[in-house]
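Read the numbers this way: they start at 1 and go in the same order the structure lists the ligands and their atoms.
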Amino acid sequence: MTNRRVNNFIDGGYVTDAERDTFENRSPVDGSLVSHIDLATKDDVDRAVSAARAAMKGPWGKMSLDERCKLLHKIADRINERFDEFLEAEIRDTGKPTTLASHIDIPRGAANFRIFADAVKNASTETFVQDTADGGQALNYSIRKPKGVIGVVCPWNLPLLLMTWKVGPALACGNTVVVKPSEETPTTATLLGEVMNEVGVPAGVYNVVNGFGPDSAGQWLTEHPGVDAVTFTGETRTGTAIMSAAARNIADVSFELGGKNPGLIFADCDLETAVNETARAVFANCGQVCLQTERLYVERSIFDAFVEGLKAKAEAYVPGDPFDTKTTIGPLISLEHRQKVTSYFDKAKAEGATVVTGGEIYDMPGDYAKGAWVRPTIWTGLSEDSTPVREEIFGPVCHIQPFDEEDQAIAMANDSTYGLASMVWTQNLSRAHRVAASVDAGICWVNSWFLRDLRTPFGGSKRSGIGREGGLHSLEFYTELRNVCVRL
Ligand code: NAD
């Protein structure tokens with residue numbers, strides 16, 4: 001990677017072709033130029049897929065499991081050694097505060113290699129001893145084989161973390177990858193190419209092609225006949241396009257898609273903790289985490305106190321220089337995304353919302369006024385079929401609805417096309433288990449939010465995804481089981 005120029009990384013090397021078309025990466029903090037990004041051509045995508053396929057047949061395909069897992073640990077070590085470079089790159093691309101990126105994005109980005117190396121080493125498969133018709137026996141056992149070349153298409157909200165969440169298990173299982181990072185945040189994926197070379201990952205195992213979705217690297221990768229499976233995190237409607245592209249080649253897909261996650265807060269909760277954690281669940285990363293809670297249902301007797309408490313938390317966020325540890329909220333990813341988020345400010349007002357706080361952009365000084373800043377926003381008074389309550393906004397916003405009965409809260413929580421995550425606050429143990437099992441979502445947090453054990457299944461119900469990743473569940477997607485039947 002050259003300075004302020006983000007190259008494609010193919011077959012173990014950066015493609016440094018000065019004549020190549022580029023596009024600009026601008027900072028969401030102040031609109032300044034972060035870098036020029038090389039636009040991958042269709043030919044680049046072909047070369048990346050061919051390199052990934054060739055690597056399967058080369059030293060990577062022949063490497064022992066033990067050696068492969070050691071390499072994955074070295075990748076994690078090297079990311080940690082170069083922690084500050086990854087941190088700076090992630091902050092420059094996203095504008096997120098260093099306090100967040102240094103605790104979540106980069107450490108988890110590295111940990112994803114370790115956790116899956118260990119998961120693969122300890123994975124078992126089935127065996128069956130079968131009685132045969134002639135009175136003999138046969139031994140059946142399964143072996144796991146890598147699927148092949150995995151196309152990895154990533155979003156911009158947690159760039160390194162969500163990319164390695166896929167690349168970690170894919171490589172641990174012996175596959176090779178071609179990554180298409182988000183056009184908004186390509187730097188850490190590209191920087192990871194250097195790490196792969198430094199620790200000795202063979203050429204072609206890890207490739208990065210930069211560009212956009214339709215008629216660009218995203219589409220060319222996902223419809224490529226040389227790609228055996230596609231793993232994607234992003235918007236639900238993009239999932240539809242990718243699924244039809246992958247269908248041409250009967251390539252398997254794993255999808256982590258959008259959400260409109262509910263939080264149910266009962267009167268018997270620890271109110272102070274519930275308010276504090278809900279503030280994180282709504283406003284962290286400026287509301288740009290798929291697991292965030294944009295719909296809150298609060299039991300009527302604590303409704304006013306809860307709204308007041310969350311309002312105070314919302315108004316305490318401090319926008320500013322992301323490298324300053326006093327900054328607690330960054331900008332949205334882009335002015336374009338802010339346009340989308342603020343369009344819901346208008347819709348909420350038009351559909352009868354009471355704006356408890358926010359509903360406007362921050363008045364920022366100097367060049368920061370050119371950034372994509374937006375105030376944490378809370379609405380009440382909207383109907384459950386209003387647009388801001390039904391659609392994913394992906395900003396620091398929530399609507400709070402009162403409820404009287406548990407069943408009513410569950411019914412409202414489940415009245416959504418999405419089913420990614422949910423959150424329940426109560427000190428009644430029976431209710432906690434009952435509600436957790438009744439809300440249609442891939443994960444339910446009880447008296448917590450965003451506690452992630454990477455061994456657990458992760459994924460969405462309804463239009464929030466297909467499949468589960470995490471721990472051994474990732475192995476199901478990144479390997480194919482073959483049965484061997486031996487007559488004894
Ligand atoms: P997006 O769908 O716009 O883009 C994601 C990636 O897909 C980008 O790299 C983009 O270039 C690529 N892409 C777009 N169109 C494509 C096409 N036709 N073919 C191939 N690739 C294409 O999503 P985003 O705006 O980057 O991310 C925000 C979305 O991601 C939100 O909906 C959020 O809920 C979701 N998300 C989900 C999870 C999860 O785990 N479920 C995690 C993070 C984000």
Side-chain angles (χ1 to χ4, degrees), residues 23 25 28 37 39-40 45 93-94 104-105 108 112 151-166 178-186 189-190 208-224 227 230-248 251 253-261 284-294 332-334 336-341 372 391-395 416-421 441-443 450 452 454 457-470 474:
F23 59 100
N25 179 14
I37 304 163
L39 194 56
V45 176
D93 277 0
T94 61
I104 301 210
D105 296 69
R108 264 283 308 276
N112 283 334
V152 181
V153 183
C154 306
W156 44 257
N157 60 329
L158 298 157
L160 182 71
L161 185 161
L162 288 174
M163 191 259 300
T164 59
W165 170 247
K166 295 168 178 305
V178 180
V179 176
K180 210 301 274 173
S182 169
E183 51 273 34
E184 307 279 3
T185 55
T190 310
V208 182
V209 288
N210 284 303
F212 300 87
D215 295 321
S216 186
Q219 183 185 330
W220 299 328
L221 178 62
T222 53
E223 68 185 16
H224 201 291
V227 169
V230 176
T231 176
F232 166 68
T233 301
E235 279 194 42
T236 296
R237 65 180 170 172
T238 311
T240 307
I242 292 181
M243 198 165 178
S244 60
R248 295 183 200 186
V253 293
S254 174
F255 283 171
E256 295 175 351
L257 306 178
K260 187 74 185 177
N261 307 311
N285 204 31
C286 202
Q288 303 166 116
V289 178
C290 55
L291 302 167
Q292 245 144 358
T293 311
E294 291 189 359
L332 292 167
I333 190 67
S334 63
E336 190 190 359
H337 187 50
R338 184 171 73 173
Q339 184 68 36
K340 176 187 161 186
V341 172
E391 295 180 3
E392 181 186 50
I393 300 170
F394 221 56
S416 171
T417 52
Y418 294 108
L420 187 57
I443 183 166
F450 208 66
R452 289 278 299 116
L454 304 182
F458 179 84
S461 310
K462 301 196 255 186
R463 294 197 190 161
S464 288
I466 297 179
R468 293 290 178 271
E469 296 195 26
S474 293

Short question: side chain of N210, backbone of A40 - any donor-acceptor pair under 3.5 Å?
->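 Checked: no pair found.
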Backbone of G213 reached by a side-chain donor or acceptor of S216 within 3.5 Å |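 No; zero donor-acceptor contacts below 3.5 Å.
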Could you check whether any heavy atom of [X] sits closer than 4.0 Å to an atom of ligand 1, since that is the contact criterion I want to use?
X: C154; answer: yes
X: G239; answer: no
X: G465; answer: no
X: F458; answer: yes

Looking only at protein heavy atoms, identify the closest one to [atom] and say how far it is in Å.
atom: atom 27 (O) of ligand 1; value: P155 CB, 3.4 Å
atom: atom 37 (C) of ligand 1; value: L257 O, 3.0 Å
atom: atom 42 (C) of ligand 1; value: C290 SG, 2.8 Å
atom: atom 23 (O) of ligand 1; value: E235 N, 3.4 Å
atom: atom 28 (C) of ligand 1; value: F394 CE2, 3.7 Å
atom: atom 24 (P) of ligand 1; value: W156 NE1, 3.4 Å
atom: atom 31 (C) of ligand 1; value: E392 OE1, 3.5 Å
atom: atom 15 (N) of ligand 1; value: T238 CG2, 3.2 Å

Report yes or no: do [X] and [Y] form a side-chain donor-acceptor pair below 3.5 Å?
X: K166; Y: T233; result: yes
X: S416; Y: K260; result: no
X: N285; Y: N157; result: no
X: E392; Y: T236; result: no

Geometric class of the F212/F23 ring pair [parallel <30°, tilted 30-60°, perpendicular >60°] =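 The rings of F23 and F212 sit tilted, inter-plane angle from 30° to 60°.
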Test of understanding: given a 4.0 Å heavy-atom threshold, classify the contact between [X] and ligand 1 as side chain, backbone, both, or neither.
X: L420; answer: side chain
X: P181; answer: backbone
X: L162; answer: side chain

Under 4.0 Å from any heavy atom of [X], which atoms of ligand 1 are there?
X: A241; result: 18 (N)
X: N157; result: 43 (C), 44 (C)
X: E183; result: 8 (C), 9 (O), 10 (C), 11 (O)
X: S182; result: 9 (O)
X: K180; result: 8 (C), 9 (O), 10 (C), 11 (O)
X: F232; result: 2 (O), 5 (C), 6 (C), 7 (O)
X: I242; result: 19 (N), 20 (C), 21 (N)
X: V153; result: 6 (C), 7 (O), 9 (O), 12 (C), 21 (N)

R338 atom CZ, over 12 foreign heavy atoms within 6.0 Å =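 More than 12 heavy atoms, drawn from other residues, nucleotides or ligands, come within 6.0 Å of this atom.
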Yes or no on side chain to side chain contact (heavy atoms under 4.5 Å, CB included) for D105 and L160, after CA distance, side-chain angles and deciding distance?
-> CA-CA 6 Å; D105 296 69; L160 182 71; 5.6 Å; no
Short check: is a protein heavy atom less than 4.0 Å from atom 11 (O) of ligand 1?
->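 So far as the 4.0 Å threshold goes, atom 11 (O) of ligand 1 is in reach of a protein heavy atom.
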Step by step, work out the side chain to side chain contact (heavy atoms under 4.5 Å, CB included) result for W220 and K180.
-> CA-CA 10 Å; W220 299 328; K180 210 301 274 173; over 6 Å; no
Heavy atoms only: give me the nearest S464-G259 pair and the separation to one decimal.
->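 S464 and G259 have their closest heavy atoms at OG-CA, 4.0 Å.
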What residues, two or more places apart in sequence or in another chain, satisfy ring pair (Phe, Tyr, Trp, His ring centres under 6.0 Å) together with F450?
->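 With neighbours one apart ignored, the set is empty.
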Report the member of G218, S464, G258, G211 with the shortest heavy-atom distance to atom 21 (N) of ligand 1.
->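 Going through G218, S464, G258, G211 one by one, G218 has the nearest heavy atom to atom 21 (N) of ligand 1.
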Go through the steps to decide whether S254 and E469 satisfy the test side chain to side chain contact (heavy atoms under 4.5 Å, CB included), and finish with yes or no.
-> CA-CA 8 Å; S254 174; E469 296 195 26; 2.5 Å; yes
Measure the CH2-NE2 distance between W156 and H337 for me, rounded to the nearest 0.5 Å.
->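 Output value for this atom pair is 4.0 Å.
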Within a strict 4.5 Å, meaning less than it, do heavy atoms of the Q288 and L332 side chains meet?
->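 Yes, side chains in contact.
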